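Below is one structure, written out as structure tokens; comments come after it.
Numbers restart at 1 for each chain; the letters A, B, ... are given by sequence-line order, proteins then strands. All values derive from a computational prediction rather than experimental measurement.
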Protein chains: 2
Amino acid sequence: MKPRAANPHFMNGIPELLILSLLERNEMYGYEIVQAIRTSTNAVVAAGEGVVYPVLHALEEEGAIRSRRRTVNGRSRIYYTATRAGARRLSGLSQQWMQLTQAVECMLKGESHGASFPEPA
Amino acid sequence: MKPRAANPHFMNGIPELLILSLLERNEMYGYEIVQAIRTSTNAVVAAGEGVVYPVLHALEEEGAIRSRRRTVNGRSRIYYTATRAGARRLSGLSQQWMQLTQAVECMLKGESHGASFPEPA
DNA sequence: TGAGCATACCTCGAACTGCAAGGTATTGCA
DNA sequence: TGCAATACCTTGCAGTTCGAGGTATGCTCA
């Protein structure tokens, strides 16, 4: 068994969630997204390009985001925005995420068997 | 090469976190842990035996928990408790988790570049 | 001029985790 | 006797993150 410090936990699905959240509000390109996530989370989340680009491609193929090529300041970039389907997906993921954080918080506090959980969809 | 799963479910590391949290407080056995997690989280987290047992074995090999065999009511069970190392590990994971939830919450709210994050360790 | 850096895109393999499905054995109850 | 619940376990698959590596262009500065 290797020491697992190499691979930080809790990152499953986080890049997709944050990317959708960003693209629902602004039109952005990949490289910009990488930096935005890093700086906005104060490097708590640091999804590299090896994560962001594959997620963007998958989301586009799914129809959750749409892209167009633009050249700005002599820089060729691929800008993405969320579609309506993407907005729906984001809303579902957000809800799931909030349910999870509530459930975990309760268990960590030891308030197990707590009666008031949000109903699981 | 599936585009993307329908839902990422954000479960990476959650079982380990909850198991350590439970075992820091109570001495429990595997089958019991499976049910405790399911009922305590109102099935928001439903880590099956195929998840819990491997995690228990890995944690024990790591020295984070300790086990002893006991027979109760004619039932042979393997009871686990957290060691001091396990408690330290739990505290680290908890902190990581709380940092992450704060960072994500801020980004979802759109309060990016928020100045007041907990310093990343 | 040309070296180096930042920008901007991309892909691949390794590593890890969660999960379903399946397997064994015992106890208790109808 | 048969069936469900208890209690343990392993295996193979699938999905994700991550780092390392690759390409190409524009800027700056010596």
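Atom pair Glu16(B):CD and dC16(C):P shows a separation of 13 Å (rounding to whole Å applied). Leu17(A) has its CG atom 11 Å from the P atom of dT17(D), to the nearest Å. For the pair Arg69(B) CZ and dA7(D) P, the interatomic distance rounds to 12 Å; values are reported in whole Å. One can place CZ of Phe10(B) at 14 Å from C1' of dG15(D), the figure rounded to the nearest angstrom. Taking atom CG on Leu56(B) and atom P on dA7(D), their separation rounds to 14 Å, with Å as the unit. Here the P atom of nucleotide dG18(C) and the CD1 atom of Ile14(A) are 14 Å apart, to the nearest Å. The nearest whole Å value for the distance from the CD1 atom in Ile78(A) to the P atom in dT7(C) is 18 Å. In this structure, the CZ atom of Arg70(B) is 16 Å from the C1' atom of dT6(D), given to the nearest Å.
Listed by chain and number, the residues in a salt bridge (charged side-chain N to carboxylate O under 4.0 Å, His left out) with Glu27(B) are Arg68(B), Arg70(B) (sequence neighbours excluded).
Among the nucleotides dC9(C), dT17(C), dT10(D), the one closest to any side-chain atom of Tyr53(B) is dT10(D). Comparing dC18(D), dC8(D), dG18(C) by their nearest atom to the side chain of Glu49(B) picks out dC8(D). With dA6(C), dT17(C), dG18(C) as the choices, the nucleotide that has an atom nearest any side-chain atom of Arg75(A) turns out to be dA6(C). Closest to the side chain of His57(B), out of dC9(C), dT10(D), dT16(D), is dT10(D).
With rounding to the nearest 0.5 Å, the separation of OH in Tyr79(B) from CD1 in Ile65(B) is 14.5 Å.
Across all strands shown, Gly74(A) has heavy atoms under 4.0 Å from sugar-phosphate atoms exclusively, and none from any base. Using a 4.0 Å heavy-atom criterion, one finds that Arg77(B) contacts the sugar-phosphate atoms exclusively. The residue His9(B) sits apart from the nucleic acid: no heavy atom pair falls under 4.0 Å.
Of the N and O atoms on the side chains of Arg75(B) and Thr71(B), not one donor lies less than 3.5 Å from an acceptor on the other residue. Checked by atom type, the side-chain pair Arg69(B)/Ser76(B) shows a donor-acceptor distance below 3.5 Å.
Relative ring orientation between Trp97(A) and Trp97(B) is described as tilted, the plane-to-plane angle lying within the 30° to 60° band.
Within residues 26-35 of chain A, no residue is approached by DNA chain D to less than 4.0 Å at the level of any non-hydrogen atom.
If you find the closest nucleotide of DNA chain D to Gly50(B) and to Ala47(A), the one lying nearer the 5' end belongs to Gly50(B).
Without hydrogens or angle criteria, Ser94(A) side chain to Leu90(A) main chain gives a donor-acceptor distance under 3.5 Å.
Checked against Tyr80(A) for a side-chain contact (heavy atoms from CB on, under 4.5 Å), the options Leu23(A), Leu22(A), Leu59(A) give a single hit: Leu23(A).
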